[in-house]
Amino acid sequence: MTIRSTSTGELIRLMRAAGFTGVDEPRVLAEDWQVTDFAEAGRRSLANLVQGVGAPAVMVSFLDSDVGFVEALTPDGSSWEGLLNRETAKSYEIPLERFPVESAVAGAIAWSVVAGLTPDEEALRQALTGSALFAEELSSALLVALGLPDAA
């Protein structure tokens, strides 16, 4: 989970209230952005968190560190989805057509702009089409491509 929030304690409390479980201590990036891991999220957890904090958020859920499912949302309700490690996703028989790359890139750019960041379109495309041994590597590249400060 990556979101802009001024207090790590408040973020943990809001995540739990939004339906996240197993929330780790957040790592603080520049400009009040925070990154944290969690065990599980409910169906509306991301939406509940974005409403509670009033800031854009991006969440990546991993399948055995092999595939990453990206969901991002802004307070105005704009959202986008993406898939990390598409080649590996094929072996899980995940329908790639449900995660069109160009729609994800366009959504990611729009999300970044709303979040006050400067995205890198080519780096976004690379993160959303690239392959890695662990999907977490692509997740880190995605955060950098979204323009998140100190995400590397």
(request) Would you kindly say whether Glu71 and Ser79 are connected by a side-chain donor-acceptor distance under 3.5 Å? (result) no

(message) Would a single hydrophobic cluster contain both Leu83 and Leu142, if residues Ile, Leu, Val, Met, Phe, Trp and Tyr are joined by side-chain heavy-atom contacts under 4.5 Å?
(response) no

(request) Decide yes or no for Ile94 and Leu63: does some side-chain heavy atom of the first lie under 4.5 Å from some side-chain heavy atom of the second? (result) yes

(message) If you define the side chain from C-beta out and look only at heavy atoms, does anything of Leu84 sit under 4.5 Å from Leu128?
(response) yes

(request) Measure across Ser45 and Ala41 and return the closest heavy-atom pair with its distance rounded to 0.1 Å. (result) OG-C, 3.7 Å

(request) Can you measure from CZ (Phe134) to OG (Ser140) and round to the nearest 0.5 angstrom? (result) 12.5 Å

(message) Is there a path of hydrophobic side-chain contacts, each under 4.5 Å between heavy atoms of I/L/V/M/F/W/Y residues, joining Leu11 to Val35?
(response) no

(request) Please name the pair of heavy atoms, one in Ala132 and one in Glu137, separated by the smallest distance, quoted to 0.1 Å. (result) CB-OE1, 3.8 Å

(message) Working to the nearest 0.5 angstrom, can you tell me the gap between Glu25 CD and Thr36 OG1?
(response) 7.5 Å

(message) Please give me the minimum heavy-atom distance between Phe62 and Gly68, naming the atom from each residue.
(response) CD2-CA, 4.0 Å

(request) Output the distance between atom CD (Gln34) and atom CD1 (Ile12), rounded to the nearest 0.5 Å. (result) 8.5 Å

(message) Tell me whether the count of non-hydrogen atoms from other residues, nucleotides or ligands lying under 6.0 Å of CD in Glu122 goes above 12.
(response) yes

(message) For a 4.5 angstrom cut-off between non-hydrogen side-chain atoms, does Ile109 reach Val105?
(response) yes

(request) Using modelled atom types only, decide if a donor and an acceptor are shared between the side chain of Thr74 and the backbone of Pro56 within a distance under 3.5 Å. (result) no

(message) For a quick test of reading the model, state the closest non-hydrogen atom pair linking Pro149 to Ala30 and the distance between them.
(response) CG-O, 3.4 Å

(request) Might you point out which heavy atoms bring Trp80 and Ala104 nearest each other, and give the distance in Å? (result) CE3-O, 3.6 Å

(message) Rounded to the nearest 0.5 Å, what separates atom CG in Leu73 from atom CD in Gln51?
(response) 8.0 Å

(request) Determine the interplanar angle of the Phe20 and Phe38 rings, folded into 0 to 90°, and report it as parallel if under 30°, tilted if 30 to 60°, perpendicular if over 60°. (result) perpendicular

(request) Report yes if some heavy atom in the side chain of Glu102 is under 4.5 Å from a heavy atom in the side chain of Arg125; otherwise report no. (result) yes

(message) Hydrophobic clusters here meaning ILVMFWY residues chained together by side-chain heavy-atom distances under 4.5 Å, can you tell me if Val58 and Val101 are in one?
(response) yes

(message) Using side-chain heavy atoms (C-beta onward) and a distance below 4.5 Å, is Met15 in contact with Ile3?
(response) no

(message) Starting from Val70, can I reach Met1 by hopping between I/L/V/M/F/W/Y residues whose side chains sit under 4.5 Å apart?
(response) no

(message) Is the shortest side-chain heavy-atom distance between Val114 and Ser78 below 4.5 Å?
(response) no

(request) Measure from the side-chain N and O atoms of Asn85 to the backbone N and O of Asp66, and report whether any donor-acceptor pair falls under 3.5 Å. (result) yes

(message) Do Trp33 and Met59 land in one hydrophobic cluster if side-chain heavy atoms of ILVMFWY residues count as linked below 4.5 Å?
(response) no

(request) Output the distance between atom CZ (Arg86) and atom OG1 (Thr129), rounded to the nearest 0.5 Å. (result) 8.0 Å

(message) Surrounding CD of Glu40 (heavy atoms of other residues, nucleotides or ligands, distance under 6.0 Å), is the total greater than 12?
(response) no

(message) What I'd like to find out is whether the side chain of Leu29 reaches to under 4.5 Å of the side chain of Glu31, using heavy atoms alone.
(response) no

(request) Could you tell me whether the side chain of Val60 reaches within less than 4.5 Å of the side chain of Phe69, counting heavy atoms only? (result) no

(request) Please round to the nearest 0.5 Å and tell me the distance separating atom CG of Leu117 and atom CG of Leu143. (result) 10.5 Å

(request) List the atom of Leu124, the atom of Pro119, and the distance in Å for their closest heavy-atom pair. (result) CD1-CB, 4.0 Å

